[in-house]
Colleague: 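Quick one: structure below, then a few questions.
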Amino acid sequence: MSLDIEKALSDGFDRMLTQPGAYLVGAFLALGLANTVVVQSLMDVAVEFVVEEFGPQMAETGSLDEFRNEVGVLPFAVSLPPALLAVAFVALAFVGEALGIVGVRVFAASDPDRLPDGLADGLPLATVNGFLAGIFVFLIVTVGFVVGLIGLIIGGFVLATFLAVSLVFVRQAVALEGENAISALSESWSVAKGNRWYLFGLLIILGVIGAVVGGVVGLIGGLLGPAVNALANVIIGAAIGVFGIAVTTRAYQQLRTEQGEATGVDDDWEDPGGRDDVY
């Protein structure tokens, strides 16, 4: 009982090319554009603060122009109150998690060519649990990294990678199993057990694909100006992000189903997208 990496990748790619997959790419594209506007606007606020507070001193040392060059052009920055931008930043983080939950349910549906019914059932609570689970994963992986460095036995990177791979399915557990933020950690750990090397390989492949495609697009976009470069990065980020959700969701379903068959226990698991359980 091991993860079929090729199947997970091919299934994820095929799902992304469907109409629901296109809808998700469009939604993540809109989210990426909104995030770009907010982040660049916050950066512009920070730059103006630094220039106002330390501009004369920086000018005397000749570092002001260097500072502006390092920040670069911010073509999508808008003039809004910093407090409003901060609220928008947090709100978009929750919107992104909600889209992630929806994406998992879409790619888990039995019928790949239509949006499943009940797609938004319990979405607010699932979004909160998914968001909290993501924070827990970050904290666990960070603590594991620090402990590994201090212990000098396993090593920070090794322990952090082990934990990250083991907890890769928390969003799927929340979206498909209705787990809360804590129980999702246990569910992901259980599903990943015995397949961590395969999952590590799958995540490496996804990382390489993202790095290569993003690098090529970034190189081309950089030659066409900051606005085009930012737009290109948003488009590629949306596509790669949706592909990652599709692949990890199909991998989760594959392992979850195989584990149920191996133990001979149904464990209340049904194929998502069935007539009685749409996702």
Colleague: With a 4.5 Å cut-off on side-chain heavy atoms, are Phe28 and Ile245 touching?
Modeller: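 Side chain of Ile245 against side chain of Phe28, heavy atoms only: contact under 4.5 Å found.
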
Colleague: Under a single-linkage definition using a 4.5 Å side-chain heavy-atom cutoff for Ile, Leu, Val, Met, Phe, Trp and Tyr, are Val87 and Val78 assigned to the same hydrophobic cluster?
Modeller: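 Different clusters.
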
Colleague: Any link between Ile220 and Leu223 through a network of hydrophobic side chains (Ile, Leu, Val, Met, Phe, Trp, Tyr) touching at under 4.5 Å?
Modeller: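 No, because Ile220 and Leu223 fall into different hydrophobic clusters, even though each may have its own neighbours under 4.5 Å.
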
Colleague: Considering only heavy atoms from C-beta outward, does the side chain of Pro20 approach that of Leu24 to under 4.5 Å?
Modeller: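 Side chain of Pro20 against side chain of Leu24, heavy atoms only: no contact under 4.5 Å found.
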
Colleague: Look up atom CG in Asn233 and atom CD1 in Ile240, then write down how far apart they are to the nearest 0.5 Å.
Modeller: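 The CD1 atom of Ile240 is 11.5 Å from CG of Asn233, to the nearest 0.5 Å.
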
Colleague: Which heavy atom of Gly21 sits nearest a heavy atom of Val242, and at what distance?
Modeller: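 Answer, listing the atom of Gly21 first, then Val242: O-CG1, 4.4 Å.
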
Colleague: Do Leu29 and Val234 have side chains that get closer than 4.5 Å, going by heavy atoms?
Modeller: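 When only atoms from C-beta onward are counted, Val234 and Leu29 do touch, with a gap below 4.5 Å.
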
Colleague: Counting N and O atoms only, with roles assigned by atom type, does the side chain of Ser190 sit under 3.5 Å from a partner on the main chain of Ser186, one being a donor and the other an acceptor?
Modeller: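 Here the side-chain-to-backbone pair does not exist.
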
Colleague: If only atom types and distance count, is the side chain of Glu187 paired as donor or acceptor with the main-chain N or O of Glu177 below 3.5 Å?
Modeller: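 No; zero donor-acceptor contacts below 3.5 Å.
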
Colleague: Is a side-chain N or O of Asp44 found less than 3.5 angstrom from the main chain of Gln40, in a donor-acceptor match?
Modeller: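 No; judged by distance alone, with no hydrogens or angles, the pair does not exist.
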
Colleague: Kindly indicate whether the side chain of Phe243, heavy atoms from C-beta on, has any atom under 4.5 Å from the side chain of Leu9.
Modeller: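 Touching, per the 4.5 Å side-chain cut-off.
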
Colleague: Roughly how far, to the nearest 0.5 Å, is the CG atom of Leu199 from the CZ atom of Phe162?
Modeller: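 The CZ atom of Phe162 sits 11.5 Å away from the CG atom of Leu199.
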
Colleague: Going by heavy atoms in the side chains, are Trp189 and Leu167 under 4.5 Å from each other?
Modeller: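 Yes. Closest side-chain heavy atoms under 4.5 Å.
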
Colleague: Between atom CD1 of Ile205 and atom CZ of Phe200, what is the distance when rounded to the nearest 0.5 Å?
Modeller: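 Those atoms lie 11.0 Å apart.
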
Colleague: I'd like to know if the side chain of Asn195 and the backbone of Tyr198 have a donor-acceptor N/O pair within less than 3.5 Å.
Modeller: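 It does not hold such a pair.
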
Colleague: Measure across Ala126 and Arg105 and return the closest heavy-atom pair with its distance rounded to 0.1 Å.
Modeller: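 In terms of heavy atoms, the two residues are closest at CB-NH2, 4.2 Å.
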
Colleague: May I ask you to check whether Gln253 and Arg256 show a side-chain donor-acceptor distance below 3.5 Å?
Modeller: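 Per modelled atom types, Gln253 and Arg256 side chains form no pair under 3.5 Å.
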
Colleague: Can you tell me how far the CG atom of Asn180 sits from the CG atom of Leu185, to the nearest 0.5 Å?
Modeller: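 Going from CG on Asn180 over to CG on Leu185, the span is 8.5 Å.
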
Colleague: Any link between Leu219 and Ile209 through a network of hydrophobic side chains (Ile, Leu, Val, Met, Phe, Trp, Tyr) touching at under 4.5 Å?
Modeller: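 Not linked; separate clusters.
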
Colleague: With hydrophobic residues grouped by side-chain heavy-atom distances under 4.5 Å, do Met43 and Val50 end up in a single group?
Modeller: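 Yes, Met43 and Val50 fall within the same hydrophobic cluster.
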
Colleague: Verify side chain to side chain contact (heavy atoms under 4.5 Å, CB included) between Phe169 and Leu255, making sure each step is shown before the conclusion.
Modeller: CA-CA 11 Å; Phe169 292 132; Leu255 293 177; 4.0 Å; yes

Colleague: I'd like to know if the side chain of Asn129 reaches the main chain of Val174, judged simply by a donor and an acceptor atom lying under 3.5 Å from each other, with no hydrogens or angles considered.
Modeller: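 No: the side chain of Asn129 does not pair with the backbone of Val174.
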
Colleague: Quick one: closest heavy-atom pair of Val170 and Ala133, and the distance?
Modeller: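 Closest heavy-atom pair between Val170 and Ala133: CB-CB, 4.3 Å.
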
Colleague: How about OH on Tyr23, more than 12 heavy atoms from neighbouring residues, nucleotides or ligands closer than 6.0 Å, or not?
Modeller: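 Count not over threshold, so no.
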
Colleague: Can you name the closest pair of heavy atoms from Phe76 and Ala230 and give their distance?
Modeller: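 For Phe76 and Ala230, the tightest heavy-atom pair comes out as CE1-CB, 3.6 Å.
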
Colleague: Please report the closest heavy-atom contact between Leu159 and Gly144, naming both atoms and the distance.
Modeller: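 Closest heavy-atom pair between Leu159 and Gly144: CD2-O, 3.0 Å.
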
Colleague: Over 60° means perpendicular and under 30° means parallel, so classify the ring planes of Phe94 and Phe131, tilted if in between.
Modeller: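 Parallel.
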
Colleague: So, does Thr18 use its side chain to make a donor-acceptor pair with the main chain of Arg15 at under 3.5 Å?
Modeller: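 Side chain of Thr18 to backbone of Arg15, a donor-acceptor pair under 3.5 Å: yes, one is there.
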
Colleague: Nearest 0.5 angstrom please: Leu80 CG to Leu85 CG, how far?
Modeller: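 Those atoms lie 5.0 Å apart.
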
Colleague: Check whether Thr257 reaches the backbone of Gln254 with its side chain - one donor and one acceptor, N or O, closer than 3.5 Å.
Modeller: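 Not a single qualifying donor-acceptor pair exists.
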
Colleague: Treating Arg196 as the side-chain partner and Ser166 as the backbone partner, does any N or O pair qualify as donor plus acceptor under 3.5 Å?
Modeller: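 A pair under 3.5 Å: no.
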
Colleague: If hydrophobic clusters are built by linking Ile, Leu, Val, Met, Phe, Trp and Tyr wherever their side-chain heavy atoms come under 4.5 Å apart, do Phe136 and Leu125 end up in the same one?
Modeller: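 In one cluster with Phe136: Leu125, no.
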
Colleague: With a 3.5 Å distance limit and no angle check, can you tell me whether Ser188 reaches the backbone of Ala184 through a side-chain donor-acceptor pair?
Modeller: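 Absent.
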
Colleague: What I'd like to find out is whether the side chain of Leu202 reaches to under 4.5 Å of the side chain of Val168, using heavy atoms alone.
Modeller: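 The answer is no; the side chains never approach within 4.5 Å.
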
Colleague: State the CG-CZ distance between Leu119 and Arg114, to the nearest 0.5 angstrom.
Modeller: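 These two atoms lie 10.5 Å from each other.
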
Colleague: Is it true that Glu97 and Thr127 share a donor-acceptor pair across their side chains at a distance under 3.5 Å?
Modeller: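 Their side chains do not contain a donor-acceptor pair, so the 3.5 Å distance test is not met.
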
Colleague: Less than 4.5 Å apart, any side-chain heavy atom of Gln19 and any of Asp113?
Modeller: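 They are not in contact (no side-chain heavy atoms under 4.5 Å apart), so the answer is no.
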
Colleague: Using a 4.5 Å cut-off on heavy atoms from C-beta on, say whether the side chain of Leu231 contacts that of Leu33.
Modeller: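 Yes, side chains in contact.
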
